Each structure stands twice: as structure tokens, then as C-alpha cells.
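Heads up, the thing below is written out as C-alpha cells.
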Amino acid sequence: MKVTLDLEAADVWFLETKAEARGMTLQQWIRGTVLSQFSRQLSTRDRIAILHRNGATDGEMSLRLQISRGRVAELRRELHLKPNKQQHQIQTKETK
């Protein structure tokens with residue numbers, strides 16, 4: 001299913017900035033944010049699967065779900081999911 005949003009350019013820029021700060025595309029961030037609003041009705045395991053699919057690291061899932069990072073890792077492994085890596089930008093003299 002495809003959903004179309006009618007947003008002002010400033011709103012799109014704001015949302016893209018939020019998504020990029022988390023290393024995600026706008027589509028991934030919106031999907032994750034919307035689904036997380038409804039995920040309170042889902043099991044913790046289902047919520048981890050959704051967050052993982054949207055690029056969340058164990059630490060980010062831990063904070064969002066308010067459970068230990070170890071518990072997140074345990075449930076993620078039970079779901080046969082590899083950990084998502086936080087993408088860090090390496091600064092060099094050229095990028096400073």
C-alpha cells in the first residue's frame with residue numbers, strides 16, 4: 001500500500017533532518033514513528049522487530065522500550081536478527 005502525504009516544504013525539511021540525525025531515510029523514520037505510536041498494543045518482541053527493521057540499534061530500542069540493552073539483544077537474537085550498527089561519520093582533516 002502506498003500512502004501520500006501533503007506537507008509544506010519546511011515540514012519535509014524538518015522531518016528529513018530528524019530522520020538523518022538517526023541515520024535513517026525519511027520513509028524509514030516516518031514508518032517507525034507511526035508504527036511505534038500503535039505498538040503499545042504489540043508485544044515487546046514485535047516492537048523490537050519493527051524498530052529493528054527501521055534501523056534502530058539495541059541502545060535506541062532499549063531507550064524507546066525502557067528495557068535493558070541486554071534484554072533487547074536477547075529478544076533480537078531470538079528473532080534471528082543481527083544487530084544494527086550506528087553509522088558514525090569519521091572526521092578527517094578534509095571533512096572538518
Side-chain angles (χ1 to χ4, degrees):
M1 174 185 291
K2 184 176 183 177
V3 176
T4 303
L5 299 174
D6 185 19
L7 300 170
E8 298 292 327
D11 294 333
V12 172
W13 177 83
F14 174 77
L15 295 173
E16 284 178 335
T17 302
K18 293 286 188 184
E20 288 172 2
R22 289 163 178 78
M24 303 169 85
T25 65
L26 180 57
Q27 180 183 5
Q28 290 171 324
W29 187 75
I30 288 174
R31 183 183 325 122
T33 302
V34 169
L35 290 175
S36 72
Q37 294 301 313
F38 296 101
S39 70
R40 297 187 194 335
Q41 300 169 5
L42 300 173
S43 71
T44 301
R45 183 175 274 108
D46 289 337
R47 292 165 66 188
I48 287 173
I50 291 168
L51 291 168
H52 182 274
R53 184 174 59 224
N54 286 287
T57 64
D58 288 358
E60 292 165 338
M61 289 186 272
S62 173
L63 290 172
R64 181 169 285 192
L65 300 175
Q66 298 182 344
I67 60 176
S68 73
R69 189 177 293 193
R71 180 68 176 142
V72 168
E74 178 183 335
L75 292 170
R76 177 184 43 73
R77 285 190 297 267
E78 287 176 10
L79 293 166
H80 306 285
L81 300 172
K82 294 181 179 180
N84 287 325
K85 303 277 189 225
Q86 182 90 24
Q87 292 188 1
H88 299 286
Q89 183 178 9
I90 299 172
Q91 288 192 349
T92 63
K93 289 181 181 179
E94 293 80 30
T95 61
K96 286 185 181 180

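What you see is a predicted model; the values in this text were computed from it and never measured.
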[atom2] on [Y] to [atom1] on [X], rounded to 0.5 Å:
| X | Y | atom1 | atom2 | answer |
| --- | --- | --- | --- | --- |
| Thr57 | His52 | OG1 | NE2 | 10.0 Å |
| Asn54 | Met61 | CG | CE | 10.5 Å |
| Ile48 | Leu81 | CD1 | CG | 9.0 Å |

Atom pairs and distances, donor-acceptor, side-chain atoms in residues 8-23, under 3.5 Å, two or more places apart:
{"unit_1": "Thr17", "atom_1": "OG1", "unit_2": "Trp13", "atom_2": "O", "d": "2.8"}
{"unit_1": "Arg22", "atom_1": "NH1", "unit_2": "Lys18", "atom_2": "O", "d": "2.9"}

Q | Other residues, nucleotides, ligands: >12 heavy atoms within 6.0 Å of Gln27 CD | A | no

Tell me which donor-acceptor pairs under 3.5 Å the side chains of residues 66-75 have, and how far apart each pair is, sequence neighbours excluded?
{"unit_1": "Ser68", "atom_1": "OG", "unit_2": "Arg71", "atom_2": "N", "d": "3.0"}
{"unit_1": "Arg71", "atom_1": "NH1", "unit_2": "Glu74", "atom_2": "OE2", "d": "2.9"}

**Q.** In one Ile/Leu/Val/Met/Phe/Trp/Tyr side-chain cluster, 4.5 Å: Leu63, Trp29
**A.**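 Different clusters: Leu63 never reaches Trp29 through Ile, Leu, Val, Met, Phe, Trp or Tyr contacts under 4.5 Å.
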
Q. Under the salt bridge (Lys or Arg N to Asp or Glu O under 4.0 Å) rule, what pairs show up with a residue in residues 48-63, not counting sequence neighbours?
A.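 Non-adjacent pairs meeting salt bridge (Lys or Arg N to Asp or Glu O under 4.0 Å): Asp58-Arg76.
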
